[in-house]
Amino acid sequence: MSTDKNNTVAPPLTSNFLRAIVEADLAAGTHAHTGLPPVITRFPPEPNGYLHIGHAKSICVNFGIARDYHGVCHLRFDDTNPAKEEQEYVDTIIDSVKWLGFSWEKDGQSHLHYASDYFEQLYAMAEYLITAGFAYVDSQSADEIRLNRGNFGTSGTNSPFRERPAAESLQLFRDMKAGKYQDGEHILRAKISADAMAAPNMNLRDPAIYRIRHAHHHRTGDAWCIYPMYDYTHPISDAIEHITQSLCTLEFQDHRPFYDWLLATLSAGGFFAQPVPRQYEFARLNLTYVVTSKRKLRQLVDEQIVSGWDDPRMPTIVGLRRRGYTPEAIQLFCERIGVSKADGWIDMSTLEGALRDDLDPKAPRATAVLRPLKLIIDNFPENHSEDCSSPVHPHFPERGVRHFPITRELWIEQEDFMAVPTKGYFRYFPPIGDAPGSRVRLRHGYVTECVGVDKDADGNVSAVHVRYFEDSKSGTPGSDTYKVKGNIHWVSAATAVEAEVRLYDRLFVEAQPDAGGKDFIAALNPQALEVITAYLEPGMREAKADQRFQFERHGYFVADRVDSAPGKPVFNRITTLKDGWAVKQK
Ligand code: ATP
Ligand code: MG
């Protein structure tokens, strides 16, 4: 536990190298701008798709650090690529970050930003760079630029336009902005140093900072036909927003020298005060049995392999939400995996483990028979019904009890009956020879003894017959004199809720379905969805969309938020009670 300057107790913080950096900056007063929060981070998605579990890690890192150090995290849309971006994506990203439990508001102020809000400033800074000799308009074709860039280990070649006078570049840049040229005719490039085209880091070889793109932008409409590149926009947006630590994934490590150069240059030019933001990189999340690339997720949607971005098998935030994941489970998962500086793989069971740990204390219990077999209590009066009850949660008696009737005809699980029992099988089996049938307790009900079965024309068991012992009802005096080893769940056929239940499993059968660029479609799990009709205890008729339950013995289930109707819930299996996958793979 730690205390802050207001002497309020902060939750214990899981330490990691990013937090160490933040704490060192705080201790040194590096970013003690007057009036600004001590820590300002940002989460900068491009609005070109739905967020996935990998983004959740970045969200938890950025918003989590801001929260824990009394700072703020900005939600910033990096919307500089008009062709691929849409309002639909902006909306879902806003929804997903909120649902995950984070806010970009601080002291009544909203910190929802768009890089496109900075287009004027970005443009002014580009003019400055040209004037100061740090940028030039290149008129080579895209192919020429690519060829002249060189390769890793081979220097690039200077553009013939590299030394064109600043005034000429400036005029061309203004004409680009005015719409006088077609896409690709000219491009604005940074000139970091005289020999930058020989820089070992390819990102420093006169990187493009503005290009012509005659395209409609989802926010600025047709106001612009030149758009700033990501590597140019990102550091400047960070500096405009006074970001204290710009936290991103490792693939941006090679972009950091340009980030630093650009902000140092603009700061020397009077655009920003020191200290400017600094970038720090952490390992991205690679999770087994899923793919976390927007492009590949889009392919699953476009080829209708899944029902949409929110298909419960998808590792998108909207998919996980519909599947029944809680924001707390995802946060717990992100806490447990921590942050590191080296890429690695996290096993899906870690995510499922966090989910079970979160749901177990929360989820009310309920009974569901997923693979029904009829059970008839021969000596139970017809049309008679008796109340049975069970705690809503076995560890929290204060949450009350649920009631359900026992009647003459019940549904039990098919696996709770065996015509010829194997050794150690304690559930229902019929009399064999002189030996009586097995005795089994119907949970929260009566002890029964199997007396026979009905068979259909094909010889399959269609119903199990039992008789019950009137003085054996659970919770009544003397009921414990019946010693039975089998204890099974059931629902009354007369009052059961017949419901569609969707049994979801992992989307891929291979741990790293897209490793080494292989065809991930080939690794799809054909059994990732099974739809069944199940019988649920009567209270489930009232289940509301998004309500989660533990169906005893089966796992955690949620009333589907899209397809459930009042009085007619559809349930998704969120996860089984135990990690059955490890066993299944053997
Ligand atoms: P994708 O590769 O799926 O398209 P992206 O990186 O292009 O993802 P952005 O919208 O640019 O998507 O991502 C926003 C932020 O989320 C970035 O800072 C990025 O580093 C981070 N991010 C994306 N994927 C992961 C991941 N798997 N683990 C951690 N952070 C991630
Ligand atoms: Mg990206």
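As the structure lists them, so they are numbered: ligands from 1, and atoms in each ligand from 1.
- Contact atoms of ligand 1 toward T249: 19 (C), 20 (O), 29 (C), 30 (N), 31 (C) (distance under 4.0 Å to a heavy atom of the residue).
- Tested against P228 for a side-chain contact (heavy atoms from CB on, under 4.5 Å), the candidates L122, I236, L188, I209 yield a single pass: L122.
- Contact of the L263 side chain with the F271 side chain is not registered, since no non-hydrogen atoms from C-beta on lie closer than 4.5 Å.
- Counting the atoms of ligand 1 from 1 in the order shown, those under 4.0 Å from a heavy atom of S58 are 16 (O), 21 (C), 30 (N).
- Between atom 28 (N) of ligand 1 and the options L285, D343, I346, the minimum heavy-atom separation is to L285.
- Of all the heavy atoms of P45, the ones lying under 4.0 Å from any atom of ligand 1 are found in both the backbone and the side chain.
- Among K294, E46, E281, the residue whose heavy atom lies nearest to atom 12 (O) of ligand 1 is K294.
- Not counting sequence neighbours, D260 has no partner by the side-chain hydrogen bond (donor to acceptor under 3.5 Å, both in side chains) test.
- Ion pairing between D357 and R336 holds under the 4.0 Å rule for side-chain N and carboxylate O.
- For H255 and F252, the ring centers sit closer than 6.0 Å to each other.
- Remark: H186 pairs with Y181 by the ring pair (Phe, Tyr, Trp, His ring centres under 6.0 Å) rule, at least two apart or across chains.
- Heavy atoms of H52 approach ligand 1 to within less than 4.0 angstrom.
- Those atoms of ligand 1 with a heavy atom of S293 less than 4.0 angstrom away are 3 (O).
- The shortest N or O to N or O distance between F282 and ligand 1 is not below 3.5 Å.
- For the ligand labelled ligand 1, residue P44 lies inside the 4.0 Å heavy-atom shell.
- Centroid-to-centroid, the aromatic rings of W261 and F134 come within less than 6.0 Å.
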